[in-house]
A.B. asks: 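One structure is given below, represented as C-alpha cells, and several questions about it will come after.
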Amino acid sequence: MSHSVFKVLSRQMSTSLSRHRPVKYLAVIGSGLMGSGIAQVAASAGQTVTLVDQTDDILSKSVGSIKKSLQRVAKKKFADDPKGGENYVSDVLAHVKTSTNAESAVSNADLVVEAIVENLDVKRKLFSSLDKAAPPHTIFASNTSSIPIEDIAVSTQRLDQWGGAHFFNPVPMMKLLEVIRIPQTSDETFNSLLEWGKSLGKVTVQCKDTPGFIVNRLLVPYMAEAVRLVERGDASPRDIDTAMKLGAGYPMGPFELSDYVGLDTTKFILDGWHERFPDNPLFKPIPMLNKLVGEGKLGMKTGEGFYSHKK
Ligand code: 3HC
C-alpha cells in the first residue's frame, strides 16, 4: 500500500471513529440510586447535569445522597487536604441542577439517560414526549436492566440515536459501563456512548440488546441459584456468602449482594425473564424470594432482607 493511500485510509478511519459530539449537557431522568449515581459521576467529570424527578422533595433527598457519596470520595481523594475535599464536593455539586420538568430539562441536552421505574409503558410515554422536546442531535439512552432497549426506543422517531447505558451499583465505585446497541443504532451514536463512558472514567463493554446484557445475565441466575440452595436446605445464607467471598474472591456473597441491590429488583428481573422465557429453568420463580418481597423485606433499603440491617 502506498504511503499516501495509507494516509487517506487512516484519516478516514480516525474521522469515522471521532464522528461524535462530546457530551457537555446531560439530563438524567429518575433520581433514585442509579440516576443519582449517574448524575454524580457525570458532574464529577465536569459535565452539566440536570437531574429530573417528580417532586422537589425527592430531588433534594437525592442531592443529599450525592453529597454524602462525594464526601466519601473526597475523604480518600483529599486525605491530607480537608479544605480541598470540601471544594471538590461543592464544585461537583455546582454541576448538578434539578428539575421536575423533564421536557425543559432535555431542551439543551446532548444526552438523556433514563433511570426511572422499570415499566415499559411509563418509559415509552416519557420518551415519546421527550422526543418532541429534545433537539435533533440529542442521544437517548436507558439504564434499564430488564426491558429490551428497542422496545422503549420504538416510542421515538430517532431510533438511530438510541442505545443502552447500563451502570452498576454503587455507580461511583463500579468501574463498568455496558453499552448496548440496537440494530438501528448509528456508529456515531454508539461511538458517542462509548466516549461518554470513558469520559466518566468507566471501562466500557458492548453487548447486543439481549436479556440482562452481560453482567445481569450471569449474576441474576447465580443469585437465584444461591436462594435455591438455601430453599433445599443445602447450606445457610451466611455460609454461602462466606464461600463465595473466600472461595471465589467475590467482594460480596450472593445474599449480601441481593440485600444491597434490593430483593425486589432481583425478583422483578427474574419475573420479567420468566414471562418471556417460561421454559428456561434458570428464570423460574423462587418461593423464598417471593415470600420475602411479599413481606416487604427488600434488603438494606427496608432494614431487612436475607439479613437484618436494623441499627
Ligand atoms: N459512594 C462513594 N464511595 C463509596 C460508596 C459510595 N456509594 N460505597 C463505597 N464507597 C467507598 C468508600 O470510600 C468506602 O469507604 P468509607 O466507608 O470509609 O466511606 C469504601 O468504598 C469501602 O466501602 P465499604 O467499607 O462499604 O465496603 P467494601 O470495601 O466492600 O466496598 C463495594 C463496597 C464497592 C460496594 C464492594 O463491596 C463491591 O464491589 N460489592 C459488589 C457490588 C456489585 O456487585 N455491584 C453490582 C450489582 S448488580 C447491578 O448494579 C446491576 C443492576 O442492574 C441490578
A.B. asks: Between the side chains of Ser104 and Ser107, is a donor N or O closer than 3.5 angstrom to an acceptor N or O?
C.D. replies: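 There is no such pair (donor and acceptor under 3.5 Å, judged by atom type) between the side chains of Ser104 and Ser107.
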A.B. asks: For the pair Glu195 and Lys198, find out whether any cationic side-chain nitrogen is under 4.0 Å from an anionic carboxylate oxygen.
C.D. replies: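 Looking at Glu195 and Lys198, the cut-off is met.
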A.B. asks: Kindly give the heavy-atom pair with the smallest separation between His166 and Phe168, and that separation in Å.
C.D. replies: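 So the minimum-distance heavy-atom pair works out to O-CE1, 3.3 Å.
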A.B. asks: Using only heavy-atom distances, determine whether the side chains of Ser31 and Ser62 contain a donor-acceptor pair under 3.5 Å.
C.D. replies: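 On atom types as modelled, these side chains qualify, holding a pair under 3.5 Å.
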A.B. asks: Would you call the rings of Trp196 and Phe167 parallel, tilted or perpendicular, taking 30° and 60° as the class edges?
C.D. replies: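 Aromatic pair Trp196/Phe167 classed perpendicular.
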A.B. asks: Quick one: side chains of residues 284-291, donor-acceptor pairs under 3.5 Å with protein atoms, not counting sequence neighbours, listed by atom name and distance.
C.D. replies:
from	atom 1	to	atom 2	distance (Å)
Lys284	NZ	Pro278	O	3.0
Asn290	OD1	Lys267	NZ	3.3
Lys291	NZ	Glu295	OE2	2.9

A.B. asks: Heavy atoms only: give me the nearest Ser145-Asn216 pair and the separation to one decimal.
C.D. replies: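 Minimum heavy-atom contact is CB-ND2, 3.4 Å.
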A.B. asks: Spell out, as yes or no, whether a donor-acceptor pair under 3.5 Å connects the side chain of Asp53 to the backbone of Gly30.
C.D. replies: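 Side chain of Asp53 to backbone of Gly30, a donor-acceptor pair under 3.5 Å: no, none is there.
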A.B. asks: Please report the shortest heavy-atom distance between Leu59 and Leu51, naming the atom on each side.
C.D. replies: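 For Leu59 versus Leu51, the nearest heavy atoms are CD2-O, 3.5 Å.
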A.B. asks: Should the pair Phe306 and Phe255 be assigned to parallel (<30°), tilted (30 to 60°) or perpendicular (>60°) ring geometry?
C.D. replies: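 Aromatic pair Phe306/Phe255 classed perpendicular.
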A.B. asks: Is the closest side-chain heavy-atom distance between Ile152 and Leu120 below 4.5 Å?
C.D. replies: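 Side chain of Ile152 against side chain of Leu120, heavy atoms only: contact under 4.5 Å found.
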A.B. asks: Looking at Glu256, is its backbone amide N or carbonyl O close enough to the side chain of Asp241 to form a donor-acceptor pair, meaning the two atoms are under 3.5 Å apart?
C.D. replies: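 Between the backbone of Glu256 and the side chain of Asp241 there is a qualifying donor-acceptor contact (under 3.5 Å).
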A.B. asks: Does either side chain, that of Gln54 or that of Thr100, offer a donor lying less than 3.5 Å from an acceptor on the other one?
C.D. replies: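 There is no such pair (donor and acceptor under 3.5 Å, judged by atom type) between the side chains of Gln54 and Thr100.
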A.B. asks: Using the test ring-ring contact (aromatic ring centres under 6.0 Å, His included), find all partners of Phe127 that sit at least two apart in sequence or belong to another chain.
C.D. replies: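 Only Phe140, Trp162 meet the ring-ring contact (aromatic ring centres under 6.0 Å, His included) criterion with Phe127.
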A.B. asks: Side chains of Gln184 and Glu150: is there a donor and an acceptor less than 3.5 Å apart?
C.D. replies: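 Gln184 vs Glu150: donor-acceptor pair found between side chains.
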A.B. asks: For Ser142 and Glu114, test the side chains for any donor-to-acceptor distance below 3.5 angstrom and give the result as yes or no.
C.D. replies: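 Result is yes, a qualifying pair exists.
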A.B. asks: Backbone N or O of Ile214 within a donor-acceptor pair of the Glu178 side chain at under 3.5 Å?
C.D. replies: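 Flag set: sc Glu178 to bb Ile214 pair under 3.5 Å.
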A.B. asks: Does either side chain, that of Glu118 or that of Thr144, offer a donor lying less than 3.5 Å from an acceptor on the other one?
C.D. replies: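 Their side chains do contain a donor-acceptor pair, which is all the 3.5 Å distance test asks for.
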A.B. asks: Check this for me: does any side-chain nitrogen of one of Lys125 and Asp121 sit under 4.0 Å from a carboxylate oxygen of the other?
C.D. replies: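 Answer for the salt bridge query: no.
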A.B. asks: Looking at Asp131 and Gln157, what are the two nearest heavy atoms and their distance?
C.D. replies: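 Asp131 and Gln157 have their closest heavy atoms at OD2-N, 2.6 Å.
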A.B. asks: Give me the atom names and distance for the closest heavy-atom approach of Arg276 to Pro148.
C.D. replies: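 Here Arg276 and Pro148 meet closest at NH2-CG, 3.7 Å.
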A.B. asks: Considering all heavy atoms of both residues, which atom of Thr138 and which atom of Ala109 are nearest to each other, and what is their separation?
C.D. replies: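 Distance-wise, the nearest heavy atoms are OG1-O, 2.7 Å.
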A.B. asks: Is the backbone N or O of Val92 less than 3.5 Å from a side-chain atom of Gln40, with the two atoms forming a donor-acceptor pair by type?
C.D. replies: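 Checked: no pair found.
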A.B. asks: Just by distance, no angles: are the side chains of Ser199 and Gln47 close enough, under 3.5 Å, to form a donor-acceptor pair?
C.D. replies: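 A donor-acceptor contact under 3.5 Å links the two side chains.
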